[in-house]
Protein chains: 2
Amino acid sequence: MVTKETINELKCPVSILLQLIGGKWKPIILYVLRSNKRRFGEISARIPTISRKVLTEQLKELERDGLIERKQFKEIPPRVEYSLTEFGKSLAPVLNEMEKWGNENFLKNQ
Amino acid sequence: MVTKETINELKCPVSILLQLIGGKWKPIILYVLRSNKRRFGEISARIPTISRKVLTEQLKELERDGLIERKQFKEIPPRVEYSLTEFGKSLAPVLNEMEKWGNENFLKNQ
DNA sequence: ATTTACAGTTACCTTTTGGTAACCAGTTAC
DNA sequence: GTAACTGGTTACCAAAAGGTAACTGTAAAT
């Protein structure tokens, strides 16, 4: 029984967003990149609980989905910088509300 | 090497929020409940792609975390209503931004 | 000659998540 | 007396996600 109220993953705006940033790590990665470009090692150091394998995978997906940009320099040792695309930056209000909620509800006195 | 910039899952506001609503289904469940209480069957009908087993699990976690309330009526056949708590309602700005972003970016002409 | 640096990749394994199908209870409708 | 209704639970299996450890390549430093 499909009524107009049924959640359709292709049309529900929340589902659509979750398909892009629904992973366990993606919002945090985007949050780390929100104001600066970062090298791979910097992101890894800022999110020490994510393994490099998974970080690589998540970055690839975010790049594939147009949310971040990967710039590789032809240097030795290699240097790679990740940054938000304009599309990625459009998520700022979402991430800001997430941050705000976390701060208001758990981090008041820290 | 832990600097003040390192993401600490206990202190990062985004991580904190993700621990509560970070699952694949939780934001959608909260979205379905955002304006109405709903019976178990109603939620299931609105999110047909989630199995009842997983829906039960997710609802239990949301209840455990204080985001939703479960009210059971002593009737036959049984009736159970789920609704947002005040704490759950405090997520409205986050869900609204998620919804807004999804609408602006993918659903403009529908 | 060996080590270090960086940004990965790969093989392999474990954990988590999710699905299916069968079953339950108590009352009402057929 | 049998089926249907609702809101689950249970056992079992499959798929997805995630972790670890070892390895790669090239140049510079020791």
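Values reported hereafter were calculated over all heavy atoms of this structure, with side chains retained and with hydrogens, waters and symmetry mates removed. Given the structure is predicted, the values throughout are model-derived calculations rather than measurements.
For A/Trp25, the side-chain atoms get nearest to D/dG19 when compared with the rest of C/dG18, D/dG19, D/dT9. Which of C/dG26, C/dT9, C/dG19 sits closest to the side chain of B/Ile76 comes down to C/dG26. Here the nucleotide nearest the side chain of A/Phe40, chosen from C/dA7, C/dG19, D/dT6, is C/dA7. Distances were taken from every side-chain heavy atom of B/Lys53 (C-beta onward) to each of D/dT10, D/dG18, D/dT26; the shortest belongs to D/dT10. Here D/dG18 is the nucleotide among D/dG18, D/dC5, D/dT9 with the atom lying nearest to any side-chain atom of A/Val54. In this structure, of C/dT9, C/dG19, C/dG8, it is C/dG8 that holds the atom nearest to the side chain of A/Val80.
When rounded to the nearest whole Å, the span between NZ of A/Lys37 and P of C/dA7 equals 14 Å. Protein atom CD of B/Gln72 is 12 Å distant from nucleotide atom C1' of C/dA25, rounded to whole Å. Atom C1' of nucleotide D/dG7 and atom CZ of B/Arg38 are separated by 17 Å, given to the nearest angstrom. Atom CG of B/Leu18 is separated from atom P of C/dT16 by 18 Å (rounded to the nearest Å). Between A/Leu55 atom CG and D/dA17 atom P there is a gap of 16 Å when expressed in whole angstrom units. Going from atom CD of B/Glu42 over to atom C1' of D/dC5 covers 15 Å, rounded to whole Å. When the P atom of C/dT20 is taken as reference, atom CZ of B/Arg52 falls 11 Å away, rounded to whole Å. Straight-line distance from the CD atom of A/Glu75 to the P atom of C/dA7: 10 Å, rounded to whole Å.
Atom CG of A/Leu55 and atom CD1 of A/Ile28 lie 11.5 Å apart (nearest 0.5 Å).
Looking at A/Tyr31 and A/Glu99, their side chains do bring a donor and an acceptor atom within 3.5 Å of each other. Side-chain atoms of B/Tyr82 and B/Arg38 form no donor-acceptor pair, as typed in the model, at a separation below 3.5 Å.
Ion pairing between a basic and an acidic side chain is recognised when a charged N comes within 4.0 Å of a carboxylate O; A/Lys60 and A/Glu57 show no such pairing. Salt-bridge check for A/Glu81 with A/Arg79: passed, with a basic side-chain N closer than 4.0 Å to an acidic carboxylate O.
Nucleotides of DNA chain D nearest to A/Pro77 and A/Glu57 differ in position, and the one nearer the 5' end is that of A/Glu57.
The partner of C/dC30, taking Watson-Crick or G-U wobble pairs whose two distances both stay under 3.5 Å, is D/dG1.
The phosphate of C/dG8 has OP1 or OP2 within less than 4.0 Å of a side-chain N or O from A/Arg70. Contact between the side-chain N/O atoms of A/Arg39 and the OP1/OP2 oxygens of C/dA7 is found at a separation under 4.0 Å. The side chain of A/Gln58 places an N or O atom within less than 4.0 Å of a non-bridging phosphate oxygen (OP1 or OP2) of D/dG18. For the pair A/Lys60 and C/dT9, the criterion of a side-chain N or O lying under 4.0 Å from OP1 or OP2 is met.
Hydrophobic clustering (side-chain heavy atoms under 4.5 Å, transitive across Ile, Leu, Val, Met, Phe, Trp, Tyr) keeps A/Ile76 apart from A/Phe40.
Using a 4.0 Å heavy-atom criterion, one finds that B/Tyr82 contacts the sugar-phosphate atoms exclusively.
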